[in-house]
Amino acid sequence: MFNSISGKLLIVAIAALSLTACKKLGGKKSGKSSATGWNYDDKNMGNFHVAKVKYPKAGPGLVFVQGGSFVMGAKDEDVMGDWNNVPRRITIPSFFIDETEVANVHYREYLYWLENTFNADEYKNIVSKALPDTLVWREELAYNEPYVEYYFRFPSYNFYPVVGVSWQQAHDFCIWRTDRVNELLLMKKGYFKKDAIKKEMRGGGQDGSFNTEAYLTNPELVQMAKSKPKKTDLKDINGKPRANVKMEDGILNMGYRLPTEAEWEYAAYGLLDQNPNIRKKEKSSGEENRLNQQIYSWSKNPNGLRDNRRGTMQGKFLANFKRGNGDNMGIAGGLNDRGAIPVTVKSFYPNSFGLYNMSGNVSEWVGDVYRPMTSLDGQDFNYFRGNKFQKLFKNASGDYERDSMGRLKKEDISDDEVKNRANYQKNNVINYLDGDSASQVFYGSGVSSLISDKSRVIKGGSWNDRAYWLSPGTRRFMDETQAASTVGFRCAQTYLGPPEGPGFKDGNNFPTRKQRAKR
C-alpha cells in the first residue's frame, strides 16, 4: 500500500494477536495452549513464546481516533460543479493520526539524519531528493523572496507546517519516521550496540542504517544488533536470550504512513461530539443518533466560521483561510485569523478528536490516487484507492538486497501469480473500475485531462483558500511529484485491537445467567 512495511506488519501483527488470544482463552496462568495442551515459554516443550495480550500504542505525535460509520463526501453545495465528492456512507476502523501537521522542525530533523547518515559523495542524490521545494513561494507579481529564503529554515517558523513537499517526499518521510521510532525502541530495550547509533549518524550509509522491514525479514542485514542482550524476556528454542525482536513480541511500532482519504475526512469531522452518549458521558452503547451533518471540522458550531459561544472569544475565526480577494487576515488592529501565511501547527481549537487545523492552514496530502468518481465505486469498509501489490526481491542466490537507502528491494507481483485468486487478479489496481478497460473510461492524461495514476488527493483548505475548501468533504489533486506553498501533510498509523481502544473489549459481552429449568 503506501509504505513498504504496512501490509507485512499488518499480517504478522494479526497473527500475533490471534496467538495471544489463544492464551487468554485457555484461561490458565501456566500459559498452556487451549488448542494443543502444550505449554508456552517452556523449553521442554519447544519454548514457543507468546507475548501477553497487548495492543499497538500511539507513536510519538499521534492520537487515537475511534472508528465508525459516517457520510463521506460533500456537505455543502457543489459550487465548483466538480461532482467528485458524491455523499456515500462508509465505515472506518479505528486508527492513529498526527495531532498536528508535520512542522518545519520535524522535516529538518529528517534532513539532518539523511545528511549525516548518507554523507558520502555516492549518496548526494538521496539528500537532494528529500529537500523541500522552497521556490513554491515565488510569484511573478509578488515579493515572496523572504519566504523562499527563510520560511523552512528560520527558527521563528520552526513549528509552522512544512510546505513545498511532494507526495513522494511525504511518503518517504513516513518510512524514515517509522524506522527512527523503532530504532529508539530497540535501543531502549538493549537490542542495539551502544555505538551503533553513533556509527549510523557518522556516515553509516545503506549498510549501517536501520530499516524496520529489513530488520524483521533478515536481522543479519542490519549490522546494529547485539549478539547477546543482557536482559530480555525473549528466549530461543534452548531457553537462551534471543538477540532479535519479532513483530509478534509486541515491541515494535506498527509504522507511520499517509492517512487514506477516508481516514483523513473521518478524522477531520470529529463526529465524536455528536453522539449523545459521549456528550452525556455515558458508557452504555446503543445510542446511534447524529445531531447534524456539519460542514467544517468543528462540532460546537457546525456550520459557522466564527466562534459562536458567549464571552471573550465570541466571533473569533476558527481557522486560517482567505476571506476574500485581498483579505488574508483582516484589518490592522482587528486581524481576523491572525495569519497571513500558514500559522503554527497548534493554532485554533482542536476538533473533538484533538486534531488541529483539519480545516485551513495548509491542505494535506493523503495516500489515495485521485479519481473523480471514487465515492461511487469504492468499498464501503476502509476505502482506499492506490494499491499496487509487491513482494520482496531476491537475487540469483536467493538473498534479499537493500537499496541505496538501506530498504529492502521490491518487485511487482505478476498478474499470473494471482490470476486464480477469488479476491483480486491483478497486482496494480490503481485504476480498478475507473480508468481501466473494464470501465471503458479513459482520461487522456496530458491531452484532455490532468488525471493520471500519479494524481494524488489533497484534502482540507489552506491559508490561501476560500471557505468552501475548508469543508473536509471537498477534494482536489496534484501530481505526486509536485509541491505547493499551500500543501503539507500529517502521518497516520494502523491500530489493531478493540475498536473502542485499548482497555475496552471486543464485541458485546453478556453475563452468564442460569437458564430456567425445563418443565
> Under a 3.5 Å distance rule, please check whether Thr117 uses its side chain to pair with a backbone N or O of Leu114 as donor and acceptor.
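Between the backbone of Leu114 and the side chain of Thr117 there is no qualifying donor-acceptor contact (under 3.5 Å).
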
> Under 3.5 Å, side chain of Glu265 to main-chain N/O of Ala262, donor-acceptor pair present?
no

> Ser297 and Ala268: which non-hydrogen atoms are nearest, and at how many Å?
CB-O, 2.9 Å

> Considering only residues two or more places apart or on different chains, which pairs with a residue in residues 352-366 satisfy salt bridge (charged side-chain N to carboxylate O under 4.0 Å, His left out)?
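Applying salt bridge (charged side-chain N to carboxylate O under 4.0 Å, His left out) to every pair that reaches into residues 352-366, excluding sequence neighbours, yields Glu364-Arg490.
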
> Does Ile197 reach the side chain of Glu183, with side-chain heavy atoms less than 4.5 Å apart?
yes

> Taking only residues two or more places apart in sequence, or in another chain, which ones meet Phe210 in a ring-ring contact (aromatic ring centres under 6.0 Å, His included)?
Phe192, Tyr215

> Quick test of your reading of the model: are Lys391 and Glu417 salt-bridged, counting only N-O distances below 4.0 Å?
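Yes, Lys391 and Glu417 are salt-bridged.
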
> Please determine whether side-chain contact (heavy atoms from CB on, under 4.5 Å) holds for the pair Met45 and Thr36, giving the CA-CA distance in whole Å, both sets of side-chain angles, and the decisive distance to 0.1 Å.
CA-CA 11 Å; Met45 293 190 179; Thr36 64; over 6 Å; no

> Do Arg180's NZ or CZ and the ring of Trp113 fall within the cation-pi criteria of under 6.0 Å and 45°?
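Yes; both conditions hold, so Arg180 lies above the ring face of Trp113.
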
> Does Lys189 form a side-chain contact (heavy atoms from CB on, under 4.5 Å) with Ile251? I'd like the steps, not just the answer.
CA-CA 9 Å; Lys189 293 285 185 180; Ile251 294 174; 4.3 Å; yes

> I'd like to check the side chain to side chain donor-acceptor pair (under 3.5 Å) partners of Arg108; sequence neighbours left out, ordered by chain and number.
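Partners of Arg108 under the side chain to side chain donor-acceptor pair (under 3.5 Å) test: Asn158.
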
> So, taking the atom named CG in Asp403 and the one named CZ in Phe393, what distance separates them when rounded to the nearest 0.5 Å?
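CZ of Phe393 is found 12.0 Å from CG of Asp403.
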
> Tell me every residue that passes ring-ring contact (aromatic ring centres under 6.0 Å, His included) with Tyr424, counting only those two or more places apart in sequence or in another chain.
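Testing Tyr424 for ring-ring contact (aromatic ring centres under 6.0 Å, His included), a comparison that skips the adjacent residues, returns Phe389.
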
> Are Leu271 and Ser352 close enough that some pair of their side-chain heavy atoms sits under 4.5 Å apart?
no

> Would you please test Cys174 and Leu258 for side-chain contact (heavy atoms from CB on, under 4.5 Å) and show each step?
CA-CA 7 Å; Cys174 292; Leu258 289 174; 4.1 Å; yes

> Under 4.5 Å between any side-chain heavy atoms of Asn44 and Asp42, yes or no?
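Yes - at least one pair of side-chain heavy atoms lies under 4.5 Å apart.
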
> Is there a side-chain contact between Thr100 and Asn357 in this structure, where contact means two heavy atoms from C-beta onward sitting under 4.5 Å apart?
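They are not in side-chain contact.
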
> So, Arg88 and Asp380, do they make that salt bridge, N to O below 4.0 Å?
no

> What's the spacing between Tyr266 OH and Ile97 CD1 if we round to 0.5 Å?
12.0 Å

> What residues form a ring-ring contact (aromatic ring centres under 6.0 Å, His included) with Phe96, not counting sequence neighbours?
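Applying ring-ring contact (aromatic ring centres under 6.0 Å, His included) to Phe96 gives Phe64, Tyr495.
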
> Within the distance-only criterion (no hydrogens, no angle test), does the side chain of Lys459 pair as donor or acceptor with the backbone N or O of Pro472 below 3.5 angstrom?
yes

> Any sub-3.5 Å donor-acceptor pair from Asp236's side-chain atoms to Gly239's backbone N or O?
yes

> Is the shortest side-chain N to carboxylate O distance from Arg371 to Asp453 below 4.0 Å?
yes

> Between Arg407 and Asp172, is the closest basic N to carboxylate O distance under 4.0 Å?
yes

> Do Pro132 and Asn104 have side-chain heavy atoms sitting under 4.5 Å apart?
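They are not in contact (no side-chain heavy atoms under 4.5 Å apart), so the answer is no.
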
> For Ser471 and Thr474, does a side-chain donor sit closer than 3.5 Å to a side-chain acceptor?
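The answer is no; no qualifying pair exists.
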
> So, taking the atom named CD1 in Ile90 and the one named CZ in Phe70, what distance separates them when rounded to the nearest 0.5 Å?
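Here the rounded value is 4.5 Å.
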
> According to ring-ring contact (aromatic ring centres under 6.0 Å, His included), who are the partners of Tyr110, at least two apart in sequence or on a separate chain?
Tyr107, Phe173, Trp176

> Pro498 and Tyr55: which non-hydrogen atoms are nearest, and at how many Å?
CD-CE2, 3.3 Å

> What are the two closest non-hydrogen atoms of Arg402 and Ala214, and how far apart are they?
NE-CB, 4.1 Å

> For Asn427 and Asp412, does a side-chain donor sit closer than 3.5 Å to a side-chain acceptor?
no

> According to the interplanar angle, ranging from 0 to 90°, do the rings of Tyr123 and Phe118 count as parallel (below 30°), tilted (30 to 60°) or perpendicular (above 60°)?
perpendicular

> Can you tell me if Ser363 uses its side chain to pair, donor with acceptor, with the backbone of Val487 under 3.5 Å?
no

> OH of Tyr432: more than 12 outside heavy atoms within 6.0 angstrom?
no

> Using every non-hydrogen atom in the two residues, find where Gln294 and Ser299 come nearest and quote the distance to one decimal.
OE1-CB, 3.5 Å

> Please determine if Lys394 and Glu411 form a salt bridge, counting it only when a charged side-chain N lies under 4.0 Å from a carboxylate O.
no

> Determine the minimum heavy-atom distance between Thr91 and Ser69, stating which atoms define it.
OG1-CB, 3.9 Å

> With a sphere of 6.0 Å drawn around NZ of Lys235, does it hold more than 12 non-hydrogen atoms of other residues, nucleotides or ligands?
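Yes - once you tally the heavy atoms of other residues, nucleotides and ligands closer than 6.0 Å, there are more than 12.
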
> To the nearest 0.5 angstrom, please state how far the CE atom of Met247 sits from the CG atom of Leu216.
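Met247 CE to Leu216 CG: 5.0 Å, rounded to 0.5 Å.
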
> Taking the basic N atoms (NZ, or NE/NH1/NH2) and the acidic carboxylate oxygens, is any pair closer than 4.0 Å for Lys410 and Glu213?
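Answer for the salt bridge query: yes.
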
> Say you draw a straight line from OG1 of Thr178 to OH of Tyr256; how long is it, rounded to the nearest 0.5 Å?
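Here the rounded value is 7.5 Å.
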
> Should the pair Tyr40 and Phe48 be assigned to parallel (<30°), tilted (30 to 60°) or perpendicular (>60°) ring geometry?
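Tyr40 vs Phe48 ring planes: perpendicular.
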
> Decide yes or no for Thr494 and Phe95: does some side-chain heavy atom of the first lie under 4.5 Å from some side-chain heavy atom of the second?
no

> Picking from Glu200, Met201, Lys199, Met405, what satisfies side-chain contact (heavy atoms from CB on, under 4.5 Å) with Ser209?
Glu200

> Taking Asn85 for the side chain and Gly473 for the main chain, is one N or O donor matched with an acceptor at less than 3.5 Å?
yes

> If you measure from the Lys or Arg side-chain nitrogens to the Asp or Glu carboxylate oxygens, is any gap between Glu263 and Arg257 under 4.0 Å?
yes

> Ser33 side chain to Ala35 main-chain N or O, any donor-acceptor pair under 3.5 Å?
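At least one qualifying donor-acceptor pair exists.
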
> Salt-bridge test for Asp249 and Lys246: reply yes if a basic N is under 4.0 Å from a carboxylate O, no otherwise.
no

> Please determine whether side-chain contact (heavy atoms from CB on, under 4.5 Å) holds for the pair Val105 and Glu109, giving the CA-CA distance in whole Å, both sets of side-chain angles, and the decisive distance to 0.1 Å.
CA-CA 6 Å; Val105 69; Glu109 181 184 357; over 6 Å; no

> Is it the case that the side chain of Asn351 and the backbone of Trp298 share a donor-acceptor pair, with hydrogens and angles ignored and the cut-off at 3.5 Å?
no

> Thinking salt bridges, do Asp415 and Arg421 make one under a 4.0 Å N-O criterion?
no

> Ignoring hydrogens, what is the shortest heavy-atom contact between Tyr269 and Gly73? Give both atom names and the distance.
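So the minimum-distance heavy-atom pair works out to OH-O, 3.7 Å.
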
> Establish, from distance only, whether the side-chain atoms of Asn182 and Thr212 form a donor-acceptor pair under 3.5 Å.
yes

> Rounded to the nearest 0.5 Å, what separation is found between the CG atom of Asp368 and the CD1 atom of Ile458?
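Output value for this atom pair is 13.0 Å.
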
> Assess the side chains of Asn361 and Glu101: does a donor N or O sit below 3.5 Å from an acceptor N or O?
yes

> Short question: side chain of Glu261, backbone of Gly367 - any donor-acceptor pair under 3.5 Å?
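Absent.
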
